[in-house]
Asks: 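Below is the structure I would like to discuss, written out as structure tokens.
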Amino acid sequence: MLKIEAVVRPERTSTVLEALTAAGVKGYSYWNITGKGQQEGVEVFTGRGGHLSHRVALPKTMIMTVIPDGMKDAVISSIVESARTGEEGAIGDGKIFVSQIEGATRVSTGEMGESTVM
Amino acid sequence: MLKIEAVVRPERTSTVLEALTAAGVKGYSYWNITGKGQQEGVEVFTGRGGHLSHRVALPKTMIMTVIPDGMKDAVISSIVESARTGEEGAIGDGKIFVSQIEGATRVSTGEMGESTVM
Amino acid sequence: MLKIEAVVRPERTSTVLEALTAAGVKGYSYWNITGKGQQEGVEVFTGRGGHLSHRVALPKTMIMTVIPDGMKDAVISSIVESARTGEEGAIGDGKIFVSQIEGATRVSTGEMGESTVM
Amino acid sequence: MDTGHIAWMLTSTALVLFMTPGLAFFYGGLVRGRNVVSTLMYSFIAMGVASIVWVLWGFSLAFNDASNFGWSGGLDYIGLAKIGTGNGELGWDIPDLLVAAFQMTFAIITPALITGAFVERFKFTTYLIFLVLWVTFVYAPICYWVWGGGWIGSLDGGTLDFAGGTVVHINAGIAAVAAAYLVGKRRNAGIEPHNVPFVVLGAAILWIGWFGFNAGSAGAANGTAVFAFVNTNTAAAIAAVTWALLSYIHTGRISGVGVATGAVAGLVAVTPAAGWVGVAGALAIGLGAGIICHYAVHFEILRKIGLDDSLEVFAVHGLGGIWGALATGIFAWGALTDSDGGLVNGNAGHFVANLIAVVATLAYSGIVSFIILFVLDKIPGLGLRISESDEDMGIDISSHGERGYVADGAD
Amino acid sequence: MDTGHIAWMLTSTALVLFMTPGLAFFYGGLVRGRNVVSTLMYSFIAMGVASIVWVLWGFSLAFNDASNFGWSGGLDYIGLAKIGTGNGELGWDIPDLLVAAFQMTFAIITPALITGAFVERFKFTTYLIFLVLWVTFVYAPICYWVWGGGWIGSLDGGTLDFAGGTVVHINAGIAAVAAAYLVGKRRNAGIEPHNVPFVVLGAAILWIGWFGFNAGSAGAANGTAVFAFVNTNTAAAIAAVTWALLSYIHTGRISGVGVATGAVAGLVAVTPAAGWVGVAGALAIGLGAGIICHYAVHFEILRKIGLDDSLEVFAVHGLGGIWGALATGIFAWGALTDSDGGLVNGNAGHFVANLIAVVATLAYSGIVSFIILFVLDKIPGLGLRISESDEDMGIDISSHGERGYVADGAD
Amino acid sequence: MDTGHIAWMLTSTALVLFMTPGLAFFYGGLVRGRNVVSTLMYSFIAMGVASIVWVLWGFSLAFNDASNFGWSGGLDYIGLAKIGTGNGELGWDIPDLLVAAFQMTFAIITPALITGAFVERFKFTTYLIFLVLWVTFVYAPICYWVWGGGWIGSLDGGTLDFAGGTVVHINAGIAAVAAAYLVGKRRNAGIEPHNVPFVVLGAAILWIGWFGFNAGSAGAANGTAVFAFVNTNTAAAIAAVTWALLSYIHTGRISGVGVATGAVAGLVAVTPAAGWVGVAGALAIGLGAGIICHYAVHFEILRKIGLDDSLEVFAVHGLGGIWGALATGIFAWGALTDSDGGLVNGNAGHFVANLIAVVATLAYSGIVSFIILFVLDKIPGLGLRISESDEDMGIDISSHGERGYVADGAD
Ligand SMILES: Nc1ncnc2c1ncn2[C@@H]1O[C@H](COP(=O)(O)OP(=O)(O)O)[C@@H](O)[C@H]1O
Ligand SMILES: Nc1ncnc2c1ncn2[C@@H]1O[C@H](COP(=O)(O)OP(=O)(O)O)[C@@H](O)[C@H]1O
Ligand SMILES: Nc1ncnc2c1ncn2[C@@H]1O[C@H](COP(=O)(O)OP(=O)(O)O)[C@@H](O)[C@H]1O
């Protein structure tokens with residue numbers, strides 16, 4: 001099994017989640033994070049609202065899903081397509097990391113292995 | 001070392017954490033997430049409270065703990081037992097993922113390796 | 001590529017993030033978590049503010065960054081140095097976990113591999 | 001002048017002004033977290049812009065009886081200068097300047113009500129100009145027609161708008177429809193309100209402030225004010241409970257936001273009637289408002305015709321206001337209105353006059369609000385809507401450089 | 001009628017009504033985030049249900065002197081019909097309808113106070129029925145006995161309950177005990193309040209609203225109202241500071257929730273005394289309240305006997321109310337009570353009368369509240385408590401279909 | 001006594017008291033989440049401590065004309081005993097006790113304003129003592145000089161401080177500078193306010209409460225109160241809009257916090273002028289306040305000289321207050337002040353008197369506040385600042401044993 005961790009723009013979250021489901025993903029988890037990559041942050045008002053300050057990192061959403069090995073390419077491309085903004089994509093659209101998962105257990109049944117994520 | 005990532009019902013969090021401690025786990029981290037698996041979400045009021053809408057994903061808690069390899073089975077079964085609701089378990093009780101951790105460092109001492117999580 | 005997961009004191013977050021950038025890290029993500037390790041929690045008021053209760057776990061920040069293999073030592077030592085409080089370090093300063101990342105994709109360009117995190 | 005009246009009207013004015021931040025929280029809680037600052041600010045800045053417009057020329061256009069060809073009041077009270085030390089010239093038993101202040105609070109909240117239609121996407125700078133134009137060209141004339149000596153208030157049969165069913169609620173409700181149409185749908189509408197406690201806080205402040213709105217519209221600390229007070233509370237109470245029960249019947253759950261909306265619907269509907277019906281009338285009006293507004297929201301009537309009146313301003317303030325205006329004609333109590341009473345007493349006069357008032361307000365406000373917004377949309381550099389990427393990112397960051405909540409380890 | 005009195009009583013009525021949402025936030029901040037909507041709604045819906053009950057029959061039962069066998073008032077004021085335009089028939093120097101409105105706000109907040117005992121688990125639909133029954137069978141009679149012409153208010157020696165120590169606080173406090181007993185403990189009680197700012201907001205609104213409660217109970221804008229105002233503030237102030245100091249002594253830290261609770265305890269205790277003691281008396285009463293309520297909470301007295309009075313309603317309102325009632329008998333100032341004063345002046349009359357009032361309230365409210373809840377628990381389809389899984393999931397989602405806060409990237 | 005005046009002054013007193021929790025939320029929203037409880041408590045506990053000081057001796061020092069060598073008032077009103085039933089002895093047309101209550105609310109909010117300078121690091125226990133000393137040695141004397149019969153109020157030319165430009169705002173503003181200097185910079189200042197809605201809520205409560213502050217300072221429900229009311233609103237409105245426009249010009253965005261700050265700046269500046277200028281004067285004062293305070297914040301003037309006046313108390317209340325005091329001398333309207341008017345009418349008297357009042361307040365408050373804090377810092381066991389590790393962890397947990405928000409799965 002593989003773990004896919006995708007960092008995407010918060011406003012893209014629903015779109016990406018729908019794309020994942022369309023791609024056959026059965027389960028996912030997501031949460032709010034703050035992140036920095038190539039994107040250079042944002043100007044925000046500080047103190048009593050008289051001047052701007054630079055904030056390096058931005059709100060993002062982390063989407064995590066564990067999938068069978070075979071779904072890797074389909075899942076990654078569905079994320080890329082659904083998370084990309086504009087035709088060309090833009091800085092800040094996000095990143096996807098893939099890693100190995102050794103085991104999975106479904107709590108309700110105690111069932112183990114790949115079937116728990118299919 | 002192994003990383004255990006367990007997604008559980010929020011209301012079970014304390015129970016699971018106590019079970020982990022009882023099973024000899026020395027450290028853990030947890031945070032709020034939203035997730036979808038077999039469970040089919042929940043009906044929530046939308047807009048000004050006149051009708052229900054479907055929300056696919058639900059609040060869950062992610063519990064993450066890094067443990068020595070040898071504790072794997074004990075930890076997983078302690079989570080399964082403490083997170084399961086009802087006699088039979090139910091949809092939405094959660095999932096546990098296991099993966100490899102290559103190194104660990106304790107910030108305060110700079111100490112490295114398995115001893116940091118024992 | 002390696003994934004570095006560092007749990008640090010919340011108030012150290014900016015310092016650690018600046019140290020990461022100084023060490024050449026190009027991207028990171030972080031979020032609020034609650035955690036327990038050696039540190040023994042904190043006393044908090046419960047109910048209507050008449051007596052204290054013990055809370056086992058404490059607010060922490062999880063910082064996650066994916067880096068090329070070669071940066072491992074530099075990154076870990078920059079975290080250790082920036083996250084440590086006091087000369088000697090103290091319980092609760094945090095922990096760093098290292099694991100393997102198999103693949104990375106930049107959403108905007110579709111580019112894959114180590115170059116996405118350099 | 002009677003100090004008791006002055007005391008109550010000073011208090012009422014403060015109470016009504018408090019409603020606008022109440023509305024800010026009501027609306028602010030309903031949107032998504034990334035748009036909360038913007039939603040709050042639409043209301044809050046109305047306390048700034050509309051106050052200034054009112055003081056400079058709005059009050060004069062609405063209440064100076066040196067009429068402007070019947071379209072609005074005259075210009076004698078520009079800058080409030082001439083009324084500064086006047087006492088009772090406006091026919092109220094309080095200093096004229098206090099009349100201006102009390103009425104100002106209505107001119108503030110009315111445009112703020114409209115903003116529920118276009119939250120999460122309306123350009124803030126354009127909105128500042130909209131506020132100036134709308135108070136001037138829509139609010140002031142209608143206010144003049146109904147209360148300032150104009151034609152609606154003088155209709156045969158006796159128009160009854162105690163505290164602003166037409167002037168405030170129908171007016172804002174139909175302007176919301178025009179705005180929803182012109183600004184277009186949200187790109188992504190979200191599902192849940194992001195902060196239910198804020199909705200409840202807003203509803204509570206609105207409820208309390210409404211005592212100033214309605215009982216203050218008696219213009220005095222007298223028996224009429226007391227009636228208005230009790231009726232206001234009674235209608236809000238029964239509408240809230242009605243919504244709760246309908247919510248339970250249809251869904252098995254009782255929405256907190258729904259209960260709060262029900263209370264507001266009751267308050268809206270009782271507004272034109274407050275000092276002119278008995279307690280039984282207030283119960284009937286509140287009950288009707290709970291039912292009508294609940295089903296209007298339940299069936300998403302505007303969404304069905306393709307309009308994204310995001311926070312259902314028309315369903316609550318428009319329909320609630322129309323029901324209230326007609327119901328006032330139905331349930332008016334002769335002993336209080338000093339007339340033959342309402343339809344229930346066989347007198348159709350008030351009902352017909354109020355019907356005309358409703359239609360006139362819908363027509364005038366609908367058309368002129370549409371024109372104002374249409375023109376603002378076309379003016380280069382203005383336009384009604386923020387860019388797609390700004391909307392996606394959230395209007396708080398893009399228009400206000402702020403995030404509502406920061407719970408970031410790094411800060 | 002005196003317009004100044006009317007002005008102040010209209011204001012007071014609005015202020016007291018504002019206390020109920022204040023309480024909603026106080027209680028709402030203390031529970032866990034997944035139960036915040038429910039906790040807010042217990043209070044908010046009381047503004048709906050209790051208002052209607054009051055208008056329809058509650059006021060009549062409490063204040064119509066055509067007594068019902070001494071148990072309650074008569075039925076002449078049903079629907080408020082007959083008092084609509086009455087002036088002073090109730091013996092107050094304001095329109096009778098305003099008396100009804102002012103007193104209504106007390107009938108709203110009293111049952112809302114009880115809810116602190118059973119938050120996070122009480123079934124909302126059953127609660128709606130409980131509200132109707134409790135206002136009818138517990139609140140109205142006790143109110144009648146003390147203020148409506150009944151036996152407690154006529155005790156020899158002179159019962160002194162200025163603004164509701166017995167009628168409101170002891171009454172709610174003991175009903176909370178009955179409720180906590182019957183509904184049972186929470187499955188999982190949580191540790192920390194989820195939103196301390198909301199607790200502070202609630203306490204602030206309560207504090208401000210209490211000026212209407214106590215100074216409004218003078219029924220007029222006069223010297224007694226001023227005394228009540230100053231005493232109210234003084235007792236709240238010293239009780240808050242007392243709690244802060246005790247908190248510091250015992251824990252080295254000063255709980256914000258504790259300070260807020262201290263203020264409320266002081267306000268509770270000074271309620272029966274407000275217009276009848278001097279500033280020194282208010283200081284003594286507030287000091288006592290701070291100490292008594294702090295230790296009652298500190299030692300978790302009810303939890304020790306197995307009761308989960310979740311937000312310590314009995315410790316604060318019950319004990320604070322009892323202390324206040326007795327202290328009124330101790331510190332009453334003859335110049336204000338027009339009597340020989342309190343125990344400190346060697347006159348035991350008020351003290352004894354108040355002691356009887358306390359015992360009677362504890363007994364009647366404790367028993368009848370118990371019976372009402374016991375019966376509701378047994379009625380098929382009702383029952384006091386939500387299911388275990390609903391409680392685990394959080395009552396907001398299960399009973400209200402809402403989550404208090406949504407900070408979800410997907411929305 | 002006139003019941004209308006009493007009604008309005010009771011209401012005003014409640015309104016002003018409400019400002020202190022309003023300030024708590026304004027300041028509380030501006031800090032970081034881990035310090036929100038502490039920031040709220042600095043203001044909230046002032047309602048406790050300052051109330052007690054005021055009742056016991058503060059009022060006497062400020063308003064008893066049996067002068068104490070000209071430094072403060074006498075001791076005749078200790079414990080408020082002698083004024084309890086007095087009517088009009090203080091020269092107000094309301095019960096003396098009500099004067100004491102109204103003035104108390106000013107003595108509460110003034111030290112609370114200072115806390116913006118030292119949030120996130122000031123030791124709470126030391127702060128409790130600071131409150132006692134500061135109200136006694138700084139607030140009471142200055143209040144006496146300006147309003148209690150002392151030298152500032154009797155200056156030739158006629159000092160005009162309608163509602164506390166010197167006594168409250170300049171006083172707090174300069175004390176904030178002393179405090180910021182002595183307590184030192186925050187270790188880590190954060191970037192963004194953690195809760196903008198709370199800032200807006202606070203600003204709204206302040207705005208509404210300020211009607212009590214300013215219109216209440218007329219001491220009666222009369223025409224002057226009405227003027228003060230309208231001017232207060234007008235200045236707040238234009239200052240808010242001015243800030244919005246300057247924000248837009250400089251950054252292309254309109255800060256919600258900035259708009260709220262602008263409103264407060266306008267309110268501060270109009271305070272000394274409220275009952276003594278016309279609407280045009282209020283517009284000028286508000287416009288000036290918006291510009292001056294915006295640029296003071298924009299250029300971080302105190303930060304440039306190394307002071308961490310964290311929430312910019314001096315920029316808003318100090319400079320806003322100074323501008324307001326001088327502007328009152330400029331725009332005073334003879335018809336209202338019963339004099340030759342302000343500088344605009346060619347009469348320099350008020351301007352000069354107010355200038356002296358400003359300088360005297362800056363000097364006295366600056367020096368004595370410095371001394372008090374300096375001494376408190378040196379006393380073993382006290383000290384102004386919490387430990388570095390407590391500050392890092394957040395003052396809420398370390399000093400109050402609480403976290404503002406708990407959204408923790410485990411609870
Ligand atoms: N090396 C990394 N490790 C962890 N998170 C990263 C890394 N690089 C990027 N991210 C996350 O992805 C988000 C988007 O990255 P960004 O650089 O802005 O996009 P892109 O590189 O595609 O232009 C960041 O805000 C951060 O949360
Ligand atoms: N494949 C997956 N990848 C990531 N998270 C998952 C996956 N499957 C389930 N989860 C998480 O586990 C939670 C519980 O899963 P659910 O399907 O509801 O339980 P179960 O499958 O045990 O009935 C989900 O809400 C989600 O957060
Ligand atoms: N084995 C572990 N697995 C997951 N998280 C851990 C583990 N050990 C520690 N942590 C995280 O690191 C934080 C700091 O750990 P702590 O024990 O307090 O520090 P230290 O061990 O360096 O003294 C904890 O609060 C927890 O969030």
Side-chain angles (χ1 to χ4, degrees), chain B residues 6-22 28-63 79-95, chain E residues 21 24 28 31-45 47-49 119-122 124-125 127-128 184-195 308 310 385-411:
Chain B
V7 181
V8 302
R9 296 182 188 274
E11 65 266 25
R12 285 278 152 161
T13 311
S14 328
T15 321
V16 175
L17 296 178
E18 280 159 28
L20 283 176
T21 301
Y28 51 74
S29 304
Y30 60 92
W31 58 95
N32 297 324
I33 65 164
T34 311
K36 189 193 128 23
Q38 289 184 340
Q39 215 181 356
E40 271 311 309
V42 69
E43 301 299 303
V44 292
F45 281 100
T46 190
R48 276 185 94 150
H51 57 101
L52 290 173
S53 206
H54 186 69
R55 179 164 275 286
V56 174
L58 287 175
K60 298 278 169 187
T61 302
M62 169 73 79
I63 300 173
I79 296 176
V80 168
E81 274 155 38
S82 57
R84 204 180 262 177
T85 59
E87 299 258 309
E88 305 292 302
I91 276 185
D93 279 355
K95 245 164 233 176
Chain E
V31 300
R32 279 166 298 165
R34 75 175 80 117
N35 301 317
V36 61
V37 174
S38 157
T39 305
L40 293 171
M41 278 298 116
Y42 287 139
S43 290
F44 194 84
I45 201 70
M47 294 167 69
V49 178
V119 289
E120 310 196 307
R121 60 201 188 283
F122 202 93
F124 199 73
T125 43
Y127 173 66
L128 296 178
K185 292 190 198 185
R186 284 167 292 176
R187 283 168 58 77
N188 167 1
I191 299 176
E192 296 173 76
H194 93 283
N195 197 317
D308 180 12
S310 312
R385 191 150 177 171
I386 57 173
S387 75
E388 296 198 347
S389 68
D390 283 356
E391 186 179 343
D392 285 347
M393 207 184 350
I395 191 167
D396 285 0
I397 274 285
S398 56
S399 295
H400 300 281
E402 287 171 335
R403 294 189 282 153
Y405 315 97
V406 175
D408 185 315
D411 211 359

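These numbers were taken from a predicted model, which means no experiment stands behind them. Order of the sequence lines fixes the chain letters, A, B, ..., with proteins taken first and strands second; residue numbering starts at 1 for each chain.
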Asks: Contact between E:Arg403 and B:Pro59 at the side-chain level, heavy atoms closer than 4.5 Å - yes or no?
Replies: yes
Asks: Would you give the length of the straight line joining atom CE of E:Met393 to atom CG of B:Leu58, rounded to the nearest 0.5 angstrom?
Replies: 8.5 Å
Asks: Testing the basics here: between B:Glu11 and E:Asp392, what is the closest heavy-atom pair and its distance to 0.1 Å?
Replies: CB-O, 3.0 Å
Asks: Please look at E:Arg32 and chain B and tell me whether the side chain, the backbone, both or neither of the residue comes under 4.5 angstrom of a heavy atom of that chain.
Replies: neither
Asks: Is there any residue in residues 44-51 of chain B with a non-hydrogen atom under 4.5 Å from a non-hydrogen atom of chain E, and which ones are they?
Replies: B:Val44, B:Phe45
